Amino acid sequence: MAQSQEYKIDTIRHSMAHLMAQAITHQFPNEHIEFGVGPVIDHGFYYDVEMDHRLNEADLKNIEKKMKELIKKKLPIERKVMKRDEAIKHFEDINQKLKVELISDIPADEEISFFTQGDFIDLCRGPHVENTNNLPFSFKLTHVAGAYWRGSEKNQMLQRVYAVCFSSKEELQDHLKMLEEAKRRDHRKLGKELELFHFEPVAPASPFFMPKGAFIYNELVSFMRRIYDQFGYSEVITPQILDSDLWHTSGHYAHYKENMYFSNIDDREYAVKPMNCPCHMLMFKHYKYSYRDLPLRYADFGRLHRYEKAGAVAGLTRVRTFCQDDAHIFIPMDKIQGEIQDLMRMFFICYEHFGFTGIKVNLSTRPEDKAGDDATWDIAEGALKDALDASGHAYHIKEGDGAFYGPKIDVEIADALGRYFQLGTIQLDFQLPDRFDLTFTNQDGKEERPVVIHRALLGSLERFIGVYIEHVGAAFPFWIAPEQAIIVPVNNETHEAAASVLAGELRSLGLRIRVDNRNETMGYKTRQIQKSKVPYMIVIGDREIETQSVSLRAYGSRDSETLTNADVKKLFTELNQERVPKELR
RNA sequence: GCUUGCGUGGCUCAGUGGUAGAGCACUCCCUUGGUAAGGGAGAGGUCGAGGGUUCAAUUCCCUCCGCAAGCUCCA
């Protein structure tokens, strides 16, 4: 099968998509099947099909088999060019209306090419492999899901068949293994198993954090507060429910109403806040500020509620009630660059502290529909670019992807399985200061409009916890583990006193320690402790009491080591230092 | 919101047109045990909710709710 080596993987995947379409027609000779698009995606490809029969798992297996047969048939794949009329006629004749629509949209000056293999013809720009025999067996049809024709919810829904495909069996195996591992680490599964959080039908998409999950949540807040202390932020607390007047002023009523929860009382309409920003605008407006007071940084861990569509919610990653590590920075336009550099430093320190690597930075510039004039956008985009250049991190520009109110920087991180998640965001806003008519007094004694920077580092705590659980497989580092060590007395009657004394001493150092004196065997307790992924298990018996030491076993380790009580305290104290990133200690 | 699929004790799951089972967890008893499950007994479910078909529904059909994979959305 060495012949597949000479082709790029994307070419192979693309030809594979055609092959799958052909196989589907063979699998269902009596169905009328129409094909939409069949592009290459990360790790594989998909094809959109329209047919009455609903494809199921058994069908996918059969289609796979048919594909392999077609590969063995060594069908040549040939390119053909047709005139537009001819092409449209041909696809009308074979009743492929979706293809006719695609052909009609091809610009007049473009050549319309097709590829045929055996009894199958498909509209395609190419390139393709030359023969079905050039295609590898290292693929797998994974699932089928609905997808709107041409990505618009106004159109009919097609069945999208997904497949993964690699140039070698090994790569396919690795990928499938990664998917298995991802399944094992699924935060929804681990969250339930380790009693971190769960959901109740009476509050869809709204997590209930159990004590251990709540600990992690609160520790993340504490972590951010420690960071804020060093970067000049002040934390504020703002109301949960505010008169709709405010949301009219902020523009949310006009643009975001569908996502908001409302309540009527005393003949007034109130909304539960979906964002903190308008509250902070009011706070800024409440006093007179001078350029000396800026930048002013308001941090807020307020609870937010956003109505998300039923189909859009998922685990902790998209919820209807959440908390952002939110802050708004009020700043003169000419100070933006320095502030962004500080922000980038803060972001990188924190992400690296959580063990995330492969950090990607995206800069999104002005969209077509935008507020503010081009001169302002020029300055703002320039400041962001300069700041990013100065911070020395590579970044990718997404033209036109900014919010209508200002350009933004998004930060994506790769987790332990190499999957990317967007966490942090830094958004400039020229719109809100305008709407709230915010000003500060500048050096010339004149009223000047500040720029607002919206920024979140973890994003939402809920989402971050979800990502982080999967990143570490719920085996949390010592500093943030809800329980840091569990002490097991070998004999509850004779060793519990010593265990309690040690536990007390460790707790007085600020450590989270539990003594497991349940009436169970050591084997049983060991198993439970290992399964709960507590960083350390400490065993105390006659041997240890005699020598003022303990038997210490780290999570994931098969064996234990003997440490003096003093050394355990030292070790734990050191590990607990990680509550603050080392750059900031 | 849309397409498809799923919903059985706290958890993981088996099963059936004649109103249910296992393992773990839980309670009690015995066991005082040196690093991944000691033994025994017991309690716990109107099979997501409502309606329909049927002599009979957890099982078949419909609606709703919830969950999942995607699509759309994420001012």
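Because the structure is predicted, anything quoted here is derived from the model rather than measured. Just so it is clear: chains get the letters A, B, ... in the order the sequence lines come, proteins before strands, and each one is counted from 1. Hydrogens, waters and symmetry mates play no part in the numbers below; they use all other heavy atoms, side chains included.
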By side chain to side chain contact (heavy atoms under 4.5 Å, CB included), which residues pair with [X], not counting sequence neighbours?
X	result
A312(A)	K309(A), R318(A)
A485(A)	I513(A), Y536(A), I538(A), F572(A)
I41(A)	Y46(A), Y162(A)

Looking only at side-chain N and O atoms, does [Y] offer a donor or acceptor that is under 3.5 Å from a partner on [X]?
X	Y	answer
N259(A)	H252(A)	no
N362(A)	E412(A)	yes
D326(A)	N276(A)	yes

Need to verify one output field. Residue with the more 5' nearest nucleotide on RNA chain B, R188(A) or L55(A)?
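With R188(A) and L55(A) compared, the 5'-side residue is L55(A).
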5'-most by nearest nucleotide on RNA chain B - V490(A) or Y307(A)
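That would be Y307(A).
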Is the Y253(A) to H248(A) ring centre distance short of 6.0 Å?
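That pair passes the under 6.0 Å test.
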Is the ring centre of Y256(A) less than 6.0 Å from the ring centre of W247(A)?
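For Y256(A) and W247(A), the ring centres are not under 6.0 Å apart.
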Polar side-chain contact D542(A)-rG34(B) base: donor and acceptor under 3.5 Å
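Answer is no: no donor-acceptor pair is held.
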Roughly how many Å apart are [M] and [N], using the [atom1] atom of each and rounding to a whole number?
N	M	atom1	answer
rG40(B)	rU46(B)	C1'	31 Å
rG45(B)	rU8(B)	P	16 Å
rC29(B)	rC64(B)	C1'	48 Å
rC62(B)	rA25(B)	P	41 Å
rU59(B)	rG17(B)	C1'	6 Å

Any ion pair linking E561(A) and R553(A) (charged N to carboxylate O, less than 4.0 Å)?
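No.
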Give a yes or no on whether a salt bridge exists between D410(A) and K408(A), defined as a side-chain N under 4.0 angstrom from a carboxylate O.
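A salt bridge is present here (some side-chain N lies under 4.0 Å from a carboxylate O).
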Can you check the [X] [atom1] to [N] [atom2] distance for me, whole Å?
X	N	atom1	atom2	value
L316(A)	rC67(B)	CG	P	13 Å
Q427(A)	rA75(B)	CD	C1'	11 Å
N56(A)	rA69(B)	CG	C1'	15 Å

Sugar-phosphate or base contact per nucleotide [nucleotides 5-13 of chain B; S, B, -; heavy atom under 4.0 Å]
------SS-
Starting at the 5' end of nucleotides 35-41 of chain B, put B wherever the base has a protein heavy atom under 4.0 Å, S where only the sugar-phosphate does, and a dash everywhere else.
BBBB---
Which pairs of donor and acceptor atoms, one on a side chain in residues 203-214 of chain A, lie under 3.5 Å apart (sequence neighbours left out)?
residue	atom	partner	partner atom	Å
S206(A)	OG	P204(A)	O	3.1

RNA chain B-proximal residues of residues 196-216 of chain A, any heavy atom under 4.0 Å
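Nucleic-acid contacts, sorted: P201(A), P204(A), A205(A).
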Looking at residues at least two apart in the chain, or sitting in another chain, which of them share a side-chain hydrogen bond (donor to acceptor under 3.5 Å, both in side chains) with T321(A)?
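R303(A), H305(A).
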With sequence neighbours left out, what residues match H187(A) under side-chain hydrogen bond (donor to acceptor under 3.5 Å, both in side chains)?
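In terms of side-chain hydrogen bond (donor to acceptor under 3.5 Å, both in side chains), with neighbours along the sequence ignored, H187(A) is linked to E470(A).
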Secondary-structure string, 5' to 3', Watson-Crick or G-U under 3.5 Å, | for another-strand partners, for RNA chain B
(((((((..((((....[..)))).(((((.......))))).....(((((..]....))))))))))))....
Which residue is it: L363(A), T376(A), T365(A)? I am looking for the one with a side-chain contact (heavy atoms from CB on, under 4.5 Å) to E381(A).
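When L363(A), T376(A), T365(A) are each tested with E381(A), the side-chain contact (heavy atoms from CB on, under 4.5 Å) holds only for T365(A).
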Which atom names give the shortest non-hydrogen contact between Q484(A) and L511(A), and what distance separates them?
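In this case the closest contact between Q484(A) and L511(A) is OE1-CA, 3.3 Å.
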Reference residue Y405(A); test side-chain hydrogen bond (donor to acceptor under 3.5 Å, both in side chains); the match among R435(A), H454(A), Q427(A)
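Among R435(A), H454(A), Q427(A), the one meeting side-chain hydrogen bond (donor to acceptor under 3.5 Å, both in side chains) with Y405(A) is Q427(A).
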Select base, sugar-phosphate, or nothing to describe what M275(A) touches, counting heavy atoms under 4.0 Å on all strands.
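If one applies the 4.0 Å heavy-atom cut-off, M275(A) turns out to touch a base.
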Distances for protein N/O vs nucleotides 71-74 of chain B N/O pairs under 3.5 angstrom?
residue	atom	partner	partner atom	Å
rC71(B)	O4'	G146(A)	O	3.2
rC71(B)	O2'	Y148(A)	N	2.9
rC71(B)	N4	G311(A)	O	3.3
rU72(B)	O2'	E153(A)	OE2	3.1
rC73(B)	O2	R318(A)	NH2	3.0
rC73(B)	N3	R318(A)	NH1	3.3

Residues in ring pair (Phe, Tyr, Trp, His ring centres under 6.0 Å) contact with Y351(A), at least two apart in sequence or another chain:
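Partners of Y351(A) under the ring pair (Phe, Tyr, Trp, His ring centres under 6.0 Å) test: F347(A).
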Closest to the H143(A) side chain: rA69(B), rG34(B), rG33(B)?
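Out of rA69(B), rG34(B), rG33(B), the nucleotide with an atom closest to H143(A)'s side chain is rA69(B).
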